[in-house]
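Please read all numbers here as calculations on a predicted model, not as lab measurements.
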Amino acid sequence: MSEHNFMTLQFASRSENEAFARVAVAAFVSQLDPTLNELTDIKTVVSEAVTNSIIHGYNNKPDGVITITTKIEDDVVRITIEDQGSGIDDLEQAKQPLYTSKPELERSGMGFTIMENFMDEVEVVTAVGIGTKINMLKRIESKKALYN
């Protein structure tokens with residue numbers, strides 16, 4: 001029988017909550033005993049997605065709500081980060097490396113590229129005026145298997 005475990009967090013779209021989100025998801029995922037690299041990858045993608053929600057989705061307004069749901073199914077972690085912000089006007093353009101809609105903020109434009117490189121699957125669902133949902137999946141290599 002497979003194991004299923006989950007947690008859901010909701011928090012204000014404030015930049016100071018980005019570190020909280022990253023650490024909370026990492027602490028939850030730690031029960032799978034991930035490698036340091038896997039944990040770093042997960043923390044990085046959570047930071048990217050939450051920061052994008054704050055800066056782009058809510059335009060740095062602190063009254064929005066970001067929801068993170070993290071599910072563990074056997075050795076798979078599924079992370080969904082969702083906002084009810086402005087949505088993404090042109091998703092294909094937004095996914096292009098180095099593209100940023102906020103060059104005045106000296107953004108690198110690498111958020112989606114980082115997410116796609118660090119996770120096994122990334123799906124973005126967005127609608128202008130409704131918000132954005134990022135679904136990500138990562139398979140965790142069992143340390144126990146590495147030492148046997």
Nearest heavy-atom neighbours spanning [X] and [Y]:
{"X": "D74", "Y": "L32", "result": "O-CD2, 3.4 Å"}
{"X": "V128", "Y": "I88", "result": "CG2-O, 3.8 Å"}
{"X": "S53", "Y": "D83", "result": "OG-OD2, 2.8 Å"}
{"X": "N52", "Y": "M115", "result": "ND2-CE, 3.7 Å"}
{"X": "R14", "Y": "I54", "result": "O-CD1, 3.4 Å"}
{"X": "D63", "Y": "S13", "result": "N-OG, 3.9 Å"}

Nearest 0.5 Å please: distance from the [atom1] atom of [X] over to the [atom2] atom of [Y].
{"X": "Q31", "Y": "I140", "atom1": "CD", "atom2": "CD1", "value": "11.0 Å"}
{"X": "I66", "Y": "Q84", "atom1": "CD1", "atom2": "CD", "value": "9.5 Å"}
{"X": "I81", "Y": "T132", "atom1": "CD1", "atom2": "OG1", "value": "12.0 Å"}

Cluster check [X], [Y]: I/L/V/M/F/W/Y, side chain < 4.5 angstrom:
{"X": "F28", "Y": "F20", "answer": "yes"}
{"X": "L9", "Y": "F6", "answer": "no"}
{"X": "V29", "Y": "V76", "answer": "no"}
{"X": "L137", "Y": "M7", "answer": "no"}

Side chain [X], main chain [Y], donor-acceptor under 3.5 Å:
{"X": "N5", "Y": "I72", "answer": "no"}
{"X": "E38", "Y": "T35", "answer": "yes"}
{"X": "T126", "Y": "G131", "answer": "yes"}

Stepwise side chain to side chain contact (heavy atoms under 4.5 Å, CB included) test for K71 and H4: CA-CA 7 Å; K71 296 179 182 176; H4 299 283; over 6 Å; no

A21: side-chain contact (heavy atoms from CB on, under 4.5 Å) partners, not counting sequence neighbours: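 Checked A21 against side-chain contact (heavy atoms from CB on, under 4.5 Å); matches are F11, V46, V50, I68.
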
With sequence neighbours left out, write down each residue that passes side-chain contact (heavy atoms from CB on, under 4.5 Å) with A26, or none if nothing qualifies.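 If we apply the side-chain contact (heavy atoms from CB on, under 4.5 Å) test to A26, skipping adjacent residues, the hits are L39, K43.
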
With respect to M136, which candidate in V77, T80, T70, V45 satisfies the side chain to side chain contact (heavy atoms under 4.5 Å, CB included) definition?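 That would be V45; it is the only one of V77, T80, T70, V45 passing the side chain to side chain contact (heavy atoms under 4.5 Å, CB included) with M136.
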
Hey, does I42 have a side-chain heavy atom less than 4.5 Å from the side chain of T44? no

Does either side chain, that of T67 or that of Q10, offer a donor lying less than 3.5 Å from an acceptor on the other one? yes

Checking E82 now: which residues fulfil salt bridge (Lys or Arg N to Asp or Glu O under 4.0 Å) with it, not counting sequence neighbours? none

Just to verify, what does K133 make a salt bridge (Lys or Arg N to Asp or Glu O under 4.0 Å) with, not counting sequence neighbours?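 So K133 forms no salt bridge (Lys or Arg N to Asp or Glu O under 4.0 Å) with any residue.
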
Other than I130, which residues form its hydrophobic cluster under the rule that side-chain heavy atoms must be closer than 4.5 Å?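 Listed partners: none, I130 stands alone.
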
Less than 3.5 Å apart, which donor and acceptor atoms pair up between the side chains of residues 118-125 and the rest of the protein, not counting sequence neighbours?
residue: D120; atom: OD2; partner: R139; partner atom: N; Å: 2.7
residue: E123; atom: OE1; partner: N135; partner atom: ND2; Å: 2.7

